[in-house]
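None of the values given here were measured: they were computed from a predicted structure. In what follows, every heavy atom counts, from backbone to side chain, and hydrogens, waters and symmetry copies are set aside.
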Amino acid sequence: MSLDPHGISMRSFGYVALAFRSVRAHILRSILAVTGIVIGIAAVVVVVAVAEGARAEISKQINSLGSNLMLVQPGAQLAQGVRHQAGTILSLTTADALAIAREVPDIVVAAPFVGEQKTTISGDMNWSTLVAGVTPNFFEARGWRLAEGQLLSDDHVVSAAKVAILGRTLARELFKGSDPLGRFVRIDRSSYLVIGVLAEKGQDFTGRDQDDVMFIPLSSAKIFTIGRSQANPDAVHSILVKTESAQSMQAAEAAIAQVLRLRHKIVGRKADDFRIQNLIQIAQTSDRAYRQFTLLVSTLSGISLLVGGIGVMNIMLVSVTERINEIGIRLAFGARPQDIRAQFLLEGVLLCTIGGLLGLVVGYLCARVIPSALGWPVEFNGQMALIAIACSSLVGIVFGLLPAERAARLDPATLLRSG
């Protein structure tokens, strides 16, 4: 027996029309039925939008740090049994940086630097910022582009020149829109000629403004501004290391530790007087935390969808009881049990799909208003909306099956006698 596509399409259209008519006839009950679906979908939309925004922000911050970076810091001082924070002993030197670059395979740059929070002054303006003494290869390690002017050179370091490169934030705060090139910035009793301004980087994953900084030659920082240790004049605060690839970072980290232990004469089980941080791994740890948070809240939202689905099923069961006469008449006039089953199943899917669409709207509005008020980044995508609608429709299918099956199994003769 051949199937008539035209008849099938007309019958399907009739099911849809009946489903819409039933939902419209009991509008209040329909709204109550889909409340759980709306809440569940809205919660998923808000959580996923915030999580995706946070992950995008972390990705942006990782890229702003530079690729394949490690930070080598001095160790922590142990005083009276208390271990202080890292960097409280000056165990790293410029010579250590040169040795790392020379002896460790796959190292592109090993850039020593010193840094300290200082008050910078230009005219009648002043601003507290990070002043960092660096070598020219520091900018290569960070992948930091120049917006205008020029970068530091080896000659600047050798001659301890009083020149400076400004971050965008510092340039804006000190010069208020005027061109800083060729102007002077004073720190304590020393004045530095501004020779360059860096392109904007934004915040890092700790929330620090990377553009609120002033770079000067490492030698100038030690002589004029930050000072040097009398016990170890060659000491630096940290060494920034860039490897050729992310795959070589783990091996490079072990090799750096070996080189420094040999240079610092650390033998046996004696504790290292330095520590090595993989900057990308730190940022990726934050990304994993966001993923776990998203999974947790999405699970809770899934429970809300489950509760909403049970609510729809209960409403549909009540609807079957109320519409016994209608079902009996339709069966008496030639409707098949599968027609009744399809009609009630479609009503369940329609209710949940409407709930999903309303949840998308509510979730979108909440994600625009609440996170924006709190300063959280959000990011939407079409795939998220499709998944939300698919989930709500699936709930309609799962929880509409029992009412649809119950309606299809009713006996028409019994229904008409009870009517």
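- Note that the CG atom of D211 and the CD atom of E200 stand 5.0 Å from one another [nearest 0.5 Å].
- With contacts defined as side-chain heavy-atom distances shorter than 4.5 Å, the pair T94/K222 qualifies.
- Atoms CG and CG, from D234 and L92 in turn, are 10.5 Å apart once rounded to the nearest 0.5 Å.
- A salt bridge between D209 and K201 is absent, with no side-chain N of the basic residue lying under 4.0 Å from a carboxylate O of the acidic one.
- Here the OG1 atom belonging to T129 is positioned 3.5 Å from the CG atom belonging to D212, to the nearest 0.5 angstrom.
- Residues N314 and F399 fail the side-chain proximity criterion, which asks for heavy atoms closer than 4.5 Å.
- Going from atom CZ of F274 over to atom CD1 of I256 covers 9.0 Å, rounded to the nearest 0.5 Å.
- Under a cut-off of 6.0 angstrom, the local environment of CD in Q150 is crowded, with over 12 non-hydrogen atoms contributed by other residues, nucleotides or ligands.
- Checked options R263, R102, R261; the residue passing with D96 is R263 (criterion: salt bridge (charged side-chain N to carboxylate O under 4.0 Å, His left out)).
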request  = Using the side chain to side chain contact (heavy atoms under 4.5 Å, CB included) rule, take F215 and F138 through it: C-alpha gap first, then chi angles, then the decisive distance, then the call.
outcome  = CA-CA 10 Å; F215 293 108; F138 176 88; 3.4 Å; yes

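- In summary, R341 and E405 engage in a salt bridge, as defined by a charged side-chain N under 4.0 Å from a carboxylate O.
- Applying side chain to side chain contact (heavy atoms under 4.5 Å, CB included) to M214 and the options L174, L170, T225 leaves one that passes, L170.
- Note that NE2 of H156 is 14.5 Å distant from CG of L218, once rounded to the nearest 0.5 Å.
- Separation of atoms CZ (R183) and OG (S191) is listed at 12.5 Å; rounding is to 0.5 Å.
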